[in-house]
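Report on the structure given below.
None of the values given here were measured: they were computed from a predicted structure. Every number for a ligand or one of its atoms is a count from 1 in the order of the listing.
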Amino acid sequence: MSSQTTTRFAPSPTGFIHVGNLRTALMNYLIARKAGGTFILRIDDTDPERSKEEYVDGIKQDLEWLGLHWDRVERQSERLDQYHAAADALRENGRFYEAFETPTELDLKRKKQLNMGKPPVYDRAALSLSDDEKTALRSARGDGVWRFKLDHARIEWADGILGDISIDAASVSDPVLIRGDGQILYTLASVVDDTEMGVTHVVRGSDHVTNTATQIQIMKALGHDHPSFAHHSLLTGPQGEALSKRLGTLALRDLRAQGIEPFALLSLMARLGSSDPVELRNDMATLIEGFDIDHFGSAPTKFDVADLFPLTGRYLSQLPYEDVADRITGLGVPEAIGPQFWGVARENIQTLGDLESWWALCRDGAEPIIEEDDTAFIAQAMDLLPDMPFDESTWGAWTAAVKEATGRKGRGLFRPLRLALTGQEHGPEMAALMPLLQVIKAKG
Ligand code: GLU
């Protein structure tokens with residue numbers, strides 16, 4: 001790969017980006033950046049009814065949030081002339097034909113083929129229409145669709161992830177590239193863009209394998225070489241269940257709203273489905289350096305949204321106070337104790353949203369948990385608790401005094417005290433937490 005390396009992420013603006021498309025975007029981004037090449041954001045918006053500006057903006061916001069900056073944006077809706085020129089070229093070299101079957105007729109043909117045990121491939125009936133028949137059909141039904149006439153040979157390529165692929169073109173229907181209403185379809189637009197924009201590597205989901213086969217032939221018919229292709233496996237849920245229906249709930253903006261940090265998401269997605277372990281990264285350079293498309297396999301990739309929370313927690317735990325100061329003072333934590341509060345809370349959160357409950361605990365006191373056997377012990381301990389304000393030596397001095405008075409030690413000493421003061425089994429170092437506590441409800 002070289003600085004000529006050009007990749008693209010080509011979302012259709014018919015929805016927001018979810019974890020599935022993020023994987024495609026990230027792989028293409030990392031390949032371009034690792035090679036010092038170009039990463040294009042291509043908006044596949046030839047469908048005027050389904051494409052929405054709101055989604056174009058949303059896709060850009062999501063990529064920016066992740067730090068996946070593009071070198072330029074291309075919009076297919078602004079390139080219709082180029083697609084029509086390519087359509088003319090295909091017509092001239094006899095690879096493009098008009099067909100007039102209605103969806104119902106096509107459906108019937110498919111059913112008949114399936115009943116006879118044949119693959120449901122378009123039978124090319126339109127190829128034998130005379131000019132008069134076409135004129136008659138056009139006046140009865142309007143303009144037909146335009147299909148690309150595949151060359152019935154094997155289509156082969158060395159896939160960057162799937163290995164050597166060989167597809168019999170006769171097992172694929174001649175793809176429709178232009179609809180009856182004149183709308184240019186994705187396959188034609190994508191082929192023209194990938195060649196004219198000098199795209200050298202296309203990484204996309206394995207649901208595009210058949211498209212790739214037809215696109216290779218279209219590129220050839222237009223006199224171009226094809227880029228390198230790699231098809232990544234599709235994501236499944238943690239049990240291997242199809243994720244396609246749930247992807248709508250795994251939109252990046254929803255994950256962002258739940259407090260997931262970009263580097264948690266990027267670190268997971270850059271490694272999931274590869275032979276490399278998931279390692280938390282907190283800068284793009286290291287992520288780029290450690291990425292290798294050759295390490296990805298073809299097996300379906302299990303994705304569990306729950307994995308993003310501990311990764312986010314680990315990412316946050318190493319942030320300096322300056323990075324979270326606004327968020328912390330925004331909770332009402334006085335500036336003077338902000339760094340101290342962060343020091344106590346940082347190891348005990350999964351998302352920044354969790355800071356709120358730690359602050360509430362300090363400010364208002366926790367509902368104590370006192371187990372039945374410990375009632376007298378806690379009453380005695382509370383009598384020994386010094387008056388506020390506490391400092392860092394309070395916990396040590398107090399527990400020593402309680403130990404002395406009650407004879408308890410180890411877990412039997414510390415656990416009930418933590419439960420009484422924080423209402424939780426686990427949490428920050430008590431010595432560090434004590435100075436932040438402003439109310440102790442267990443004191444009665
Ligand atoms: N707009 C297409 C999609 O989102 C792009 C596929 C491709 O990468 O070629 O599926």
- Message: Measuring from atom CG of L177 to atom CZ of R95, what distance do you get when rounded to the nearest 0.5 angstrom?
- Response: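 L177 atom CG to R95 atom CZ measures 11.0 Å (nearest 0.5 Å).
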- Distance, nearest 0.5 Å, that separates CD1 of I178 from CD of Q183: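 The CD1 atom of I178 sits 10.5 Å away from the CD atom of Q183.
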- Message: Could you check whether T38 and D71, counting side-chain N and O atoms only, form a donor-acceptor pair closer than 3.5 Å?
- Response: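 Result is no, nothing qualifies.
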- Message: For the aromatic rings, using the six-membered ring if either is Trp, is the centroid distance between F341 and W359 under 6.0 Å?
- Response: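 Ring-ring flag for F341/W359: true, centres closer than 6.0 Å.
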- Would you say the ring centroid of F96 lies under 6.0 angstrom from that of F148?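 Not close enough - the centres of the two rings lie 6.0 Å or further apart.
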- Query: Who's touching ligand 1 if we go heavy atoms under 4.0 Å?
  - Reply: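 Close residues (ligand 1, cut-off 4.0 Å): R8, A10, S12, D44, Y186, S190, R204, H208.
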- Would R327 count as a cation-pi partner of W342, with NZ or CZ less than 6.0 Å from the six-membered ring centre and within 45° of the ring normal?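 Judged by the rule (NZ or CZ under 6.0 Å from the ring centre, within 45° of its axis), R327 is not positioned above W342.
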